[in-house]
Every structure is written in C-alpha cells, then in structure tokens.
Amino acid sequence: YTGPGATATAVVITPKLLSGFPGQTTTFAAQALGPTGQPMPGTPIAFTSSNDAVVTIDAATGAATLRGRGTAKVYALLLTGPADSAVVTVTLPASQLQLANGGGQTGPVGSTLAVPVVARVLASDGVGVSGVTVNFAASDGGTITPASAVSTADGSVSTQWKVGPTAGAQTLTMTSA
C-alpha cells in the first residue's frame, strides 16, 4: 500500500470495552498513528467483527449493532497490517422471575419454614441474570428475611419465610424492578 497513511505503524480503537443488549447500536472510532505516535488523519481503516452473531459492524464507518448473547472482538485494521481490538459483550436483560425452591411448604403458625424460598431471575433464553433486586412480601402477618435480595451470578436469590400468626393459607409475593 502506498497511499495516505502508508507509514502508519499503529491504530487505536475506541471504545476498548463495550457491553449491552441485542438491538443496541454504537459507532467505533479508530485513529492511525505514525512512527512517533502522531495521528495520521485520512489513513484508511477497516473494521471487522470476530463473530457476526454477537456484533455486526460496517467495515467503512465502524457503525455496530449488537445481535446476540456472547463475547466478540471488533477489529480496526490498517491496510499495512497493524490492528487493534475492542471487546464486546452482549447479554440479555432479565425477563422472568421464577420460584426455584421452597414453595408449597407447611408449618406451625409463627414459625420459620424449614426450607428457604429460592427464586431465579432469568433472561428470555433461560440463563440466570445477576445484579437484579428482588423484593419479597408475606401476607397475613408473615415476615421475610431478607425482604430484598440481589441476584447472584446464576440469577438466584433466597429468603427465609416466617409465617404469620393465623392458621390457613398464606402467600409470599416476589417482584423485581
């Protein structure tokens, strides 16, 4: 290659790290650098993705669309060989809150049930979602400890349920924001 930027020795892509959900868009930028680190405007730079199922990118503009769960690299390439990369992580948002364990228990009034109540926060593909706050509430004078919990890496949250002072069916409600 003998055109503009032929003496460029490096390229720097930004941003270096990107996380998001399918459907989100962004534009990557890149700057070619000369032998002494000086910017070299006008140098042709091409963009590529290591996995189009995770992120697609316009080779000329750097416009990217996040596609599906996973991790991929976006590369900025000079025609003379130097390259730089950015890491793109695509996750799915929480879409379900399911009871995993501890439902259907019985116990004496005013007692703490033997098995903790466990729920899972899940994405649409059934994979657990971490970092989601789940709130618990008991009916009929029951108490929950803790009343709020944040989902772990596998999407799990748990609480202890102390049933209220009145005999009969009682209800535990779980909600997430």
Side-chain angles (χ1 to χ4, degrees), residues 12-30 47-57 62-76 83-177:
V12 177
I13 191 171
T14 55
K16 295 294 275 180
L17 297 172
L18 179 70
S19 296
F21 299 126
Q24 289 181 318
T25 60
T26 192
T27 300
F28 285 88
F47 295 91
T48 64
S49 170
S50 68
N51 187 341
D52 285 343
V54 175
V55 58
T56 56
I57 190 153
T65 301
L66 305 186
R67 295 289 181 199
R69 182 187 291 275
T71 300
K73 287 191 173 184
V74 169
Y75 295 96
D84 192 19
S85 65
V87 176
V88 176
T89 303
V90 180
T91 57
L92 298 180
S95 65
Q96 305 170 52
L97 180 59
Q98 294 183 346
L99 178 64
N101 196 19
Q105 296 184 67
T106 60
V109 296
S111 69
T112 300
L113 296 176
V115 177
V117 175
V118 179
R120 287 202 63 217
V121 179
L122 303 172
S124 60
D125 62 358
V127 174
V129 178
S130 66
V132 176
T133 300
V134 175
N135 298 303
F136 299 95
S139 68
D140 301 305
T143 57
I144 302 299
T145 306
S148 179
V150 177
S151 60
T152 61
D154 71 350
S156 294
V157 292
S158 66
T159 193
Q160 286 292 147
W161 183 3
K162 182 177 180 181
V163 295
T166 306
Q170 296 188 22
T171 305
L172 174 84
T173 304
M174 305 177 297
T175 57
S176 64

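By convention here, the first residue in the shown sequence is residue 1. Heavy-atom basis, side chains included; hydrogens, waters and symmetry copies ignored.
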Between OH on residue Tyr75 and CD1 on residue Ile13, distance to nearest 0.5 Å
10.0 Å

Answer yes or no: is there a side-chain heavy-atom contact under 4.5 Å between Thr71 and Val87?
yes

Selection residues 92-102 - residue pairs positive for salt bridge (charged side-chain N to carboxylate O under 4.0 Å, His left out), sequence neighbours left out:
none

The complete set of side chain to side chain donor-acceptor pair (under 3.5 Å) pairs with one or both residues in residues 102-130, sequence neighbours excluded, reads Arg69-Asp125

Write down the atom of Val121, the atom of Ala94, and the distance for their closest heavy-atom approach.
CG1-CB, 3.5 Å

Distance in Å, Thr89 OG1 paired with Leu66 CG, rounded so as to fall on 0.5 Å steps:
9.5 Å

Test item: Pro116 and Asn101 side chains (from C-beta on) under 4.5 Å apart, heavy atoms
no

Would you name the heavy atoms of Ser176 and Leu97 that are closest together and state the gap between them?
N-CD2, 4.1 Å

Can you tell me how far CZ of Phe136 sits from OG1 of Thr173, rounded to the nearest 0.5 angstrom?
11.0 Å

Residue pairs involving residues 15-29 (criterion salt bridge (charged side-chain N to carboxylate O under 4.0 Å, His left out); sequence neighbours excluded)
Lys16-Asp84

Might you point out which heavy atoms bring Val163 and Pro108 nearest each other, and give the distance in Å?
CG2-O, 3.3 Å

Show the numbers, then the answer: is there a side-chain contact (heavy atoms from CB on, under 4.5 Å) between Phe21 and Leu92?
CA-CA 6 Å; Phe21 299 126; Leu92 298 180; 5.6 Å; no

Is the side chain of Gln96 donor-acceptor paired with the backbone N or O of Ala123 at a distance under 3.5 Å, no angle test?
yes

Taking only residues at least two apart or on different chains, which pairs with a member in residues 19-30 satisfy side chain to side chain donor-acceptor pair (under 3.5 Å)?
none

Could you list the donor-acceptor pairs under 3.5 angstrom formed by side chains in residues 164-171, with sequence neighbours left out?
unit_1, atom_1, unit_2, atom_2, d
Gln170, OE1, Gly164, N, 2.7
Gln170, NE2, Thr166, O, 2.9

Residue pairs, two or more places apart or on separate chains, that pass side chain to side chain donor-acceptor pair (under 3.5 Å) and touch residues 144-164
Asn135-Ser148, Thr152-Asp154, Asp154-Ser156

Note: Gly102 and Val117 closest approach over all heavy atoms is O-CG2, 4.0 Å

Closest heavy-atom pair and its distance - Phe28, Ala86
CE2-CB, 3.7 Å

Taking all heavy atoms of Pro22 and all of Gly68, pick out the closest pair and write down the distance.
CG-CA, 4.3 Å

When rounded to the nearest 0.5 angstrom, what is the spacing between CD1 in Ile144 and CE in Met174?
10.5 Å

